[in-house]
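Some notes on the structure that comes next.
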Protein chains: 2
Amino acid sequence: MLIRKATLSDVPVIVRMTNDGGPDGKPRETLPEILPPHYENTFKQIDADPTTSLMVAEIDGKIVGTFHLSFLWYLAGKGRPDAQVEAVHVAREYRSQGIGSEMMRWVISEAKKKDCRRVQLTTNRDRKDAHRFYERLGFTPSHHGMKLVLSTTRG
Amino acid sequence: MLIRKATLSDVPVIVRMTNDGGPDGKPRETLPEILPPHYENTFKQIDADPTTSLMVAEIDGKIVGTFHLSFLWYLAGKGRPDAQVEAVHVAREYRSQGIGSEMMRWVISEAKKKDCRRVQLTTNRDRKDAHRFYERLGFTPSHHGMKLVLSTTRG
């Protein structure tokens, strides 16, 4: 398995993979054949951010997983960053094969290389399987992940 | 109350404020009179990050609170970022006076101006007062905040 930064040409595959399986297991939305331009614009925004990377996991040239990895510095960290993972997804036909674990072990290894204090993420309370998955990797649910949804449609 | 980006000269005040009151209410560590250089280096690292700001709240020229505000873009956000708050602290002698609420209402207002999807943060499970504070502001503990501590000393 190869883990690398995503490129603009990966965006359609990532968008369709991420859309396939919301918290209820159903597609989040019906995607048009040709994706609207906001996806490309968002990719460029992410790609220009020096502290965040959109990553993909590839097997035999096929993208099987994706996640975001950010490094965040705080004064309390004494010069060491925290690593933050978000938007973790594995392609439906590749689930339950250890790909998620391999991606997260890669994240932990990168975080150690960068002398991070910790790796952090939030997982939806309804996703009990995801919760157990992260606990097996050594994560502790020490915090509440609190969200304030501002609006679900464009303002 | 004025909320503004922190400058290098604010760092000693922020560090001492943040140190005063870990999850158990005690100082996190004994700070030397002259702060080690990693604080200045970390400030420069944060200040160079276009997506994260270290903020201070000021009353009559005195710094009374601090927090980090980041904007994170995801493909699933359809061009809209999420706002993330971390490292929220109010100076001990200014607590329970509504300063935290005012800071968070400012964050929510900024997040709306930037057309954010949501504001997110994690709060330690042991801090039940903080949990209630964020619920009063409209936050929902919809997620588990999972942390994997890599090491507490420099590697």
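Order of the sequence lines sets the chain letters (A, B, ...), proteins ahead of strands, with each chain counted from 1. Bear in mind that the values here come from a model prediction, so they are computed numbers and not experimental data.
Per-residue heavy-atom pair counts under 4.5 Å with chain B were compared for D82(A), V85(A), I46(A), and the maximum is reached by I46(A). For chain B, the option among Q45(A), E29(A), E40(A) with the highest count of heavy-atom pairs below 4.5 Å is Q45(A). Among Q84(B), R118(B), E135(B), K112(B), the residue making the largest number of heavy-atom pairs under 4.5 Å with chain A is R118(B).
Residue T51(B) touches chain A through its side chain alone, counting heavy-atom pairs closer than 4.5 Å. Looking at P50(A), the atoms closer than 4.5 Å to chain B (heavy atoms on both sides) all sit in the side chain, from C-beta outward. There is no contact between N41(A) and chain B, counting heavy-atom distances below 4.5 Å. Looking at T66(A), neither its backbone nor its side chain comes within 4.5 Å of chain B, counting heavy atoms on both sides. When heavy atoms are compared at a cutoff of 4.5 Å, T123(A) approaches chain B by way of both its backbone and its side chain. Of the atoms belonging to L137(A), it is backbone heavy atoms, and not side-chain ones, that fall under 4.5 Å from chain B. Of the two parts of S142(A), the backbone and the side chain both hold a non-hydrogen atom closer than 4.5 Å to a non-hydrogen atom of chain B. With a 4.5 angstrom heavy-atom cutoff, A87(A) touches chain B only via side-chain atoms.
A donor-acceptor pair is defined here as one N or O able to donate and one able to accept, closer than 3.5 Å; such a pair exists between the side chain of R125(A) and the backbone of P141(B).
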- [ ] Using the side-chain contact (heavy atoms from CB on, under 4.5 Å) rule, take K147(A) and R117(B) through it: C-alpha gap first, then chi angles, then the decisive distance, then the call.
- [x] CA-CA 10 Å; K147(A) 316 270 173 176; R117(B) 286 193 300 169; over 6 Å; no
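Residue pairs meeting the ring pair (Phe, Tyr, Trp, His ring centres under 6.0 Å) criterion with at least one member in residues 115-137 of chain B, sequence neighbours excluded, are H144(A)-H131(B), Y134(B)-F139(B). Sorted by first and then second residue, the pairs that involve residues 70-95 of chain B and meet ring pair (Phe, Tyr, Trp, His ring centres under 6.0 Å), not counting sequence neighbours, are H68(A)-Y74(B).
Taking every heavy atom of both residues into account, T18(B) and A76(A) meet most closely at CG2-CB, 4.4 Å.
Side-chain contact check for S151(B) versus R80(A): some heavy-atom pair is nearer than 4.5 Å.
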